[in-house]
Protein chains: 2
Amino acid sequence: MMVSDNHEDIVLLAPEIPEILVRRYKILRKIYYSSPLGRRSLAAYFQVGERVLRREIETLREQGLISVSSKGMFLTASGKSLVASITPFLKSFLGLTVLEEKLLKLLKVKRVIVVPGDLEQDEVVLLEMGRAAARILRECLVPGMVLAISGGMSCAAVADMLPEAGAPQGITVVPARGGLGEVVDSQANTIAARVAKKLKASYRLLHLPDSLSQEALQVLLREKNIKEILDLINSARILVHGIGTAEEMARRRGVSAEEMQRLRDKGAVGEVFGLFLNSKGEIVDRIPGLGLYLENLSRKAHHVIVVAGGRQKADAIVAVVGNHQRDLLVLDEGAARRILEVLEGFGGEGNRDTIVSV
Amino acid sequence: MMVSDNHEDIVLLAPEIPEILVRRYKILRKIYYSSPLGRRSLAAYFQVGERVLRREIETLREQGLISVSSKGMFLTASGKSLVASITPFLKSFLGLTVLEEKLLKLLKVKRVIVVPGDLEQDEVVLLEMGRAAARILRECLVPGMVLAISGGMSCAAVADMLPEAGAPQGITVVPARGGLGEVVDSQANTIAARVAKKLKASYRLLHLPDSLSQEALQVLLREKNIKEILDLINSARILVHGIGTAEEMARRRGVSAEEMQRLRDKGAVGEVFGLFLNSKGEIVDRIPGLGLYLENLSRKAHHVIVVAGGRQKADAIVAVVGNHQRDLLVLDEGAARRILEVLEGFGGEGNRDTIVSV
DNA sequence: CAAAGCGGGTCTTTTTTTGTCCCATTTTTC
DNA sequence: GAAAAATGGGACAAAAAAAGACCCGCTTTG
């Protein structure tokens, strides 16, 4: 830690600078993803007064970073290029780069990317994470491979942000698991199809009714079509998946209160494509259904891209990932900082005031 | 110019940052050189209201950079280390590093150092320049060499800031010229003696009465003592000198109005150890006296360290230095920026508003 | 064509900043 | 050792900046 870092000096001399930079960066980023966007909408989004946001807008416009029209606000060319070029700097300035390195060592994974901001407070962070994950995904693609992707908002964002540029030939995209009852936009099937379209790849889907009995599943397994697609799923070389917390599952899908309590009793803290894990990463329960088997993941998968954000997900993330050299993590700042707290033993919620978060 | 520079992005996103940093840096630097220093004295120094300075002081104290006692304010250890470590960053941030490179090429000298700030507005800049020059001087020292140094405030600052640490053996310090009537602290003789003391070197002085006639000088030249020291001066391997403007000469020494007019008519813009130069660097007049001959400077001197600051000196500096690979320049930001304006043809005073100067 | 959303203007209120003192104390100076 | 000067800190009113809360005319959108 003898590396002399200018950033610390600057913050020491002018502690208000991180706040200023982060505030304006957030605004630019939001406009970037949501333009055209009005002044009032933006103020409501960040939950600040209309007038205070207006002042920021004025300076940003004076700097030529945004343009305003009757439709709303846009980023100028200069604004777009600034957002792009200042992001790596901000990451370093806010200590996210060292955070990435720490998590890399602590979790023993292949790669960690931390996106500035907290998903829980700023929704566009989801898109940023999706973009980052999409970039990594592209790097991992090899002709002829099978790519499995799970459901959830995070993976939907990956699909959204994936550019339509050309990709290696002969790729097949499949859902990691047959239909888990979600809204259609974040169902694994929908996402797999969208990803396939972006990559100009083929895809196979696995549509299943929700909440099937074990018997029904056994019957379905004997169907040739289903057997085929299941084999395909289990031969995936890349898996992209999000992470659910137990609470989230209960809320989003129709898990009853009693079932929820049973899960908690078993120690379930996180969920990945239908499997509930306890804090040690052991499977304690599963949603009935068909899809990826964990054993095959270990044997076949070369890359597992995990996308998750929000402070609340920290425990689940720790439970799910780690100790796998195949894992690539895309986190947001909120989750990443919280993970570090957890792993370093600071279980509490404190010590957050000194950190200026995006 | 395709080098992506974070600094420009930061300034684009938050144009108030340079002001903040520079303001606080100036305060810390002044306290560093003048502590203990009271709140009112400091406010008077920077010509700002007592209350506005107080607010800066409060934040600096909250940051643990300064401590206040009944004697006045001091830098804490943290404050001192900050000033030291943030200076190179600030130079880069304010564009002084690229300024140095530009001047290096334009003036074709060996080295250029630009110190943040303007001597005309902030006197401690003189000390900073002195320190920078002193550091360079130490690098140039070789055992047994003769070091000549001129008079003036700048060279006095060099002597002040020279650390007393050990130096090569057998060095002899001499004044570049025999007594030009100045206050004793900035006379070449005094400075030479002080430098010698700091370097633990020997020294020879050349005390002469002011305003001698040519005849008297000729007589003195035949004196063995004087001849000896003159030979010593003209064998100097290093010369440290400041630069005077014509106006300054007139003010500081007793040059009459008519004489001043005559100098101006001859095109004199700068003065170095008694020689008046026009804008082309040609000698147009000289103050009667004994000392260094310019021819010997070209033949013998390996290093000529020129120390000058303040926007007003720009023209004089351009006239005096340049095209000598032996020259090492120590400037302040005010002079340096002005020199660039002059050399690039922007003769006017404009375009200063966008630049935040220390 | 109407409703919603947009930027921009403008008013008052609130907060922050600044100017201007005074005071008790310490430090310096003579 | 006394007087003078300088120190930090407190206090308060004035000024300025920021923020809140509107309205208005316009464009866009459904």
Contiguous Watson-Crick or G-U pair runs (3 or more, under 3.5 Å) in DNA chain C: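 Paired runs of 3+ in DNA chain C: C:1-30 with D:1-30.
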
- prompt: Atom CE of B:M73 and atom OG of B:S41: how far apart are they, to the nearest 0.5 Å?
  reply: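 So the gap between those two atoms works out to 7.5 Å.
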
Report the distance from atom [atom1] of [X] to atom [atom2] of [N], rounded to the nearest whole Å.
X: B:F74; N: C:dT27; atom1: CZ; atom2: C1'; answer: 11 Å
X: A:I57; N: C:dG7; atom1: CD1; atom2: P; answer: 8 Å
X: A:L37; N: C:dG7; atom1: CG; atom2: P; answer: 8 Å
X: A:M73; N: D:dT28; atom1: CE; atom2: P; answer: 16 Å

message: Categorize A:L53 for me: base, sugar-phosphate, or nothing, with a 4.0 angstrom heavy-atom threshold over every strand shown.
response: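 Touches nothing.
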
query: Under 4.0 angstrom, heavy atoms only, what part of the nucleic acid is A:L42 near: base, sugar-phosphate, or nothing?
result: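 Answer is nothing: A:L42 stays at 4.0 Å or more from every strand.
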
query: How close do A:D118 and A:G310 get, heavy atom to heavy atom, and via which atoms?
result: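 Looks like OD1-CA, 3.6 Å.
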
message: Quick one, A:E128 with A:R131, criterion salt bridge (Lys or Arg N to Asp or Glu O under 4.0 Å). Give me CA distance, side-chain angles, the key distance, then yes/no.
response: CA-CA 5 Å; A:E128 284 275 285; A:R131 185 152 75 162; 3.3 Å; yes

message: Taking the six-membered ring of A:F46 as reference, does the cationic atom of A:K30 (NZ for Lys, CZ for Arg) lie under 6.0 Å from its centre and within 45° of its axis?
response: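 No, A:K30 and A:F46 do not form such a contact.
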
query: Is a side-chain donor-acceptor pair under 3.5 Å present for B:Y45 with B:D122?
result: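 Judged by distance alone, the side chains do pair up.
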
field: Heavy-atom neighbours of A:Q63 CD exceed 12 at 6.0 Å
entry: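 Result for CD/A:Q63: enclosed.
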
message: Taking atom CD as the centre, does A:Q312 end up with more than 12 heavy-atom neighbours from other residues, nucleotides or ligands that are less than 6.0 angstrom away?
response: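 No.
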
message: Using only atom types and a distance under 3.5 Å, with no angle test, would you say the side chain of A:E120 pairs donor to acceptor with the backbone of A:R311?
response: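 Checking the backbone N and O of A:R311 against the side chain of A:E120, a donor-acceptor pair under 3.5 Å is found.
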
message: I need the residues from residues 60-71 of chain A with at least one non-hydrogen atom less than 4.0 Å from DNA chain C; give them sorted by number, or say none.
response: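 Within this stretch, A:R61, A:V68, A:S69, A:S70, A:K71 sit under 4.0 Å of the strand.
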
Collect all protein-nucleotide pairs involving nucleotides 10-12 of chain D in which both atoms are nitrogen or oxygen and the distance is under 3.5 Å.
residue : atom : partner : partner atom : Å
D:dG10  : N7   : B:R54   : NH2          : 2.4
D:dG10  : O6   : B:R54   : NH1          : 3.0
D:dG10  : O6   : B:R54   : NH2          : 3.4

- request: Sequence neighbours left out, what passes side chain to side chain donor-acceptor pair (under 3.5 Å) with B:E16? Give chain and number order.
  value: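 Expected list: A:R24.
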
message: So, using side chain to side chain donor-acceptor pair (under 3.5 Å) as the criterion, who are the partners of A:S70 when residues are at least two apart?
response: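 In terms of side chain to side chain donor-acceptor pair (under 3.5 Å), with neighbours along the sequence ignored, A:S70 is linked to no residue.
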
- prompt: What residues form a ring pair (Phe, Tyr, Trp, His ring centres under 6.0 Å) with B:F89, not counting sequence neighbours?
  reply: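 For B:F89, the residues satisfying ring pair (Phe, Tyr, Trp, His ring centres under 6.0 Å) (neighbours in sequence not counted) are B:H7, B:F93.
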
